[in-house]
Amino acid sequence: DAKTTQPNSMESNEEEPVHLPCNHSTISGTDYIHWYRQLPSQGPEYVIHGLTSNVNNRMASLAIAEDRKSSTLILHRATLRDAAVYYCILRAGSGNTGKLIFGQGTTLQVKP
Amino acid sequence: NAGVTQTPKFQVLKTGQSMTLQCAQDMNHEYMSWYRQDPGMGLRLIHYSVGAGITDQGEVPNGYNVSRSTTEDFPLRLLSAAPSQTSVYFCASSSLSGRRDNEQFFGPGTRLTVL
């Protein structure tokens, strides 16, 4: 499974945008980029995913580099509830077995 | 829908005891999996299943057994608990078909302590 690299931690102020980076230089052509987050004392929850094009949903936006070797999760206006560990995960698009391999993730702190 | 449910929420075992962690989902998902999460760490995949009667090993399968006799249930068995198995255990499920295979749903976790 291709690996991802994320900063250990980031800080943001409430109501400001947050850009969470992820490097995945060994990504293959069929790998999807998934983001999950884990709030304190809870199981992970799905945030967003993409393949080549930028994606938006009600929670966040995902910006994918043209060469797909990196991506950025964008929270447009951080709230205190967005304080969590954010995981960037590559998932095989072909022969999908459903597996998700988690890395260390980025711990996001949001200051009032 | 209840989603993914796990029981018990908390459990304390003595070294050498056995137990089964229960996981159930009511979304008719083909895929189910078990993860463990040690303090300050990311999740590590223990075992997974792509359908009833089919299971496979993940990253850290030693000391754990699974079976999948129904679509809904995916129990995780600790045969002889060891202190190194002290962790929080998460079960997850997802569909494997169509657009819905993009999202995995996680249970609330079981916090296990082995003395």
Side-chain angles (χ1 to χ4, degrees), chain A residues 1-9 20 22 30-53 55-60 62 64 73 84-109, chain B residues 2-6 9-10 21 23 25 27 29-51 54-61 68 71 74 87-111:
Chain A
D1 297 299
K3 291 196 180 296
T4 63
T5 304
Q6 301 176 250
N8 286 337
S9 62
L20 297 165
C22 180
T30 58
D31 285 345
Y32 284 80
I33 302 159
H34 287 246
W35 284 82
Y36 280 73
R37 73 178 186 180
Q38 187 175 21
L39 302 172
S41 300
Q42 294 189 25
E45 64 176 346
Y46 167 83
V47 177
I48 201 167
H49 80 282
L51 183 62
T52 56
S53 303
V55 184
N56 300 300
N57 68 18
R58 63 176 178 80
M59 289 182 70
L62 176 60
I64 301 173
L73 179 71
V85 180
Y86 287 79
Y87 296 100
C88 170
I89 303 167
L90 300 183
R91 183 169 170 190
S94 60
N96 181 21
T97 63
K99 285 197 300 181
L100 290 178
I101 303 298
F102 285 78
Q104 294 292 92
T106 296
T107 299
L108 175 65
Q109 294 181 327
Chain B
V4 179
T5 58
Q6 293 184 235
K9 283 189 169 57
F10 301 93
L21 279 63
C23 174
Q25 51 90 11
M27 297 172 281
H29 284 166
E30 302 93 331
Y31 177 83
M32 296 185 74
S33 60
W34 277 101
Y35 292 87
R36 62 175 287 174
Q37 186 173 33
D38 300 331
M41 305 286 287
L43 282 77
R44 291 185 292 169
L45 182 64
I46 304 172
H47 286 285
Y48 65 99
S49 168
V50 298
I54 306 169
T55 63
D56 207 346
Q57 296 181 349
E59 305 168 273
V60 288
R68 183 97 178 269
T71 299
F74 191 43
S87 190
V88 181
Y89 291 84
F90 292 101
C91 179
S93 76
S94 72
S95 170
L96 286 178
S97 59
R99 296 178 62 83
R100 295 183 62 201
D101 69 351
N102 299 314
E103 180 176 359
Q104 286 203 12
F105 296 84
F106 284 80
T110 293
R111 189 174 298 274

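Lettering follows sequence order; numbering is per chain, from 1.
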Kindly give the heavy-atom pair with the smallest separation between Q104(A) and G40(B), and that separation in Å.
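Looks like NE2-O, 4.4 Å.
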
Applying side chain to side chain donor-acceptor pair (under 3.5 Å), can you list everything that pairs with Q57(B), at least two apart in sequence or on another chain?
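Applying side chain to side chain donor-acceptor pair (under 3.5 Å) to Q57(B) gives none.
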
T107(A): partners by side chain to side chain donor-acceptor pair (under 3.5 Å), with sequence neighbours left out:
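Once residues adjacent in sequence are excluded, T107(A) has no partner under the side chain to side chain donor-acceptor pair (under 3.5 Å) criterion.
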
Atom OH of Y46(A) and atom CZ of F106(B): how far apart are they, to the nearest 0.5 Å?
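So the gap between those two atoms works out to 13.0 Å.
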
Rounded distance [0.5 Å steps], CD1 in I101(A) versus CG in L45(B):
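Here the rounded value is 5.0 Å.
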
Sidechain-backbone polar pair: Y87(A) side chain, G42(B) backbone, donor-acceptor under 3.5 Å
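Pair absent, no side-chain N/O of Y87(A) close to backbone of G42(B).
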
Given that the side chain runs from C-beta out, which part of E59(B) has a heavy atom under 4.5 Å from chain A: side chain, backbone, both or neither?
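The side chain, not the backbone.
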
The test is side chain to side chain contact (heavy atoms under 4.5 Å, CB included); show your working for F102(A) and Q37(B) and say whether it passes.
CA-CA 10 Å; F102(A) 285 78; Q37(B) 186 173 33; over 6 Å; no

